[in-house]
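Just below is one structure, and these are the notes that go with it.
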Amino acid sequence: MIPNGMLTNSSLTNATAKDERRLDLRVSISYQADLRKAKALVEELLTRDECVMKDEEINVFVDELADSAVILGARAWVKNEDFWPARWRLLEKIKLTLDEQGIEIPYPQLTVHMEGNQ
């Protein structure tokens with residue numbers, strides 16, 4: 001059961017209406033990381049994956065320059081039934097590959113400076 005307000009105030013997308021589905025991934029890399037190398041590695045992983053449709057466009061791009069990271073976006077098309085397994089597999093492979101290649105995946109950090117009492 002879905003409340004009426006949700007349907008009338010927003011749009012509803014049926015992700016399974018077509019046989020294919022676009023896979024959108026976002027990966028953070030450090031500002032100190034080699035951007036071109038990171039993009040090439042992610043693109044290679046997408047190109048090599050057995051579930052990614054080779055006749056559709058594969059894109060890897062800078063999606064955002066965030067506070068503590070450069071956010072890479074990656075888009076590829078997969079069959080509906082392969083969507084979740086491909087997503088999970090690719091995210092794991094991306095993490096492991098970036099680690100192996102020395103490309104840092106940062107996480108937000110907060111540094112607090114306290115003045116001493118004198």
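- Ile71 and Phe61 end up in different hydrophobic clusters when Ile, Leu, Val, Met, Phe, Trp and Tyr side chains are linked at under 4.5 Å.
- Every residue was checked against the side chain to side chain donor-acceptor pair (under 3.5 Å) condition with Asp82, not counting sequence neighbours, and none meets it.
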Could you go through Trp84 and Arg21, starting from their C-alpha distance and side-chain angles, then the distance that decides it, and tell me whether this counts as side chain to side chain contact (heavy atoms under 4.5 Å, CB included)? CA-CA 10 Å; Trp84 289 109; Arg21 186 169 174 187; 4.2 Å; yes
Sequence neighbours left out, cut at 3.5 Å: what donor-acceptor pairs do the side chains of residues 98-106 make with other protein atoms?
unit_1 : atom_1 : unit_2 : atom_2 : d
Asp99  : OD1    : Lys95  : NZ     : 3.0
Asp99  : OD2    : Lys95  : NZ     : 2.6
Gln101 : OE1    : Lys37  : NZ     : 3.2

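- Counting Ile, Leu, Val, Met, Phe, Trp and Tyr side chains that sit under 4.5 Å apart, directly or through other members, Met53 shares a hydrophobic cluster with Trp77.
- For Ser68, the side chain to side chain donor-acceptor pair (under 3.5 Å) test picks out no residue, with sequence neighbours left out.
- In the hydrophobic clustering of this structure, Ile29 does not group with Tyr107; members are Ile, Leu, Val, Met, Phe, Trp, Tyr whose side-chain heavy atoms approach within less than 4.5 Å, directly or through other members.
- For Glu64, the side chain to side chain donor-acceptor pair (under 3.5 Å) test picks out Arg26, with sequence neighbours left out.
- Here Glu56 contributes atom CD and Lys54 contributes atom NZ; the two are 11.5 Å apart, rounded to the nearest 0.5 Å.
- For Arg48, the side chain to side chain donor-acceptor pair (under 3.5 Å) partners are Glu44, not counting sequence neighbours.
- By the 4.5 Å heavy-atom criterion applied to side chains, Met114 and Val112 are counted as neighbours.
- At a threshold of 4.5 Å between non-hydrogen side-chain atoms, the residues Thr47 and Val52 do not count as touching.
- Taking CG from Leu46 and CG from Asn59, the interatomic distance works out to 9.5 Å, rounded to the nearest 0.5 Å.
- With contacts defined as side-chain heavy-atom distances shorter than 4.5 Å, the pair Thr97/Leu45 qualifies.
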With a cut-off of 3.5 Å and sequence neighbours excluded, list every side-chain donor-acceptor pair involving residues 87-94.
unit_1 : atom_1 : unit_2 : atom_2 : d
Arg87  : NH1    : Asp24  : O      : 3.2
Arg89  : NE     : Asp49  : OD1    : 2.8
Arg89  : NH2    : Asp49  : OD1    : 3.3
Arg89  : NH2    : Asp49  : OD2    : 3.0

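- Residues Phe83 and Glu20 are not in side-chain contact: their nearest non-hydrogen atoms beyond the backbone lie 4.5 Å or more apart.
- Leu41 and Leu96 end up in different hydrophobic clusters when Ile, Leu, Val, Met, Phe, Trp and Tyr side chains are linked at under 4.5 Å.
- Atom CD of Glu57 is separated from atom CZ of Arg75 by 10.0 Å, given to the nearest 0.5 angstrom.
- Using modelled atom types, one side-chain atom of Tyr31 and one backbone atom of Ala66 make a donor-acceptor pair closer than 3.5 Å.
- Of all the heavy atoms in Ala38 and Leu72, the pair that sits closest is CB-CD1, 4.0 Å.
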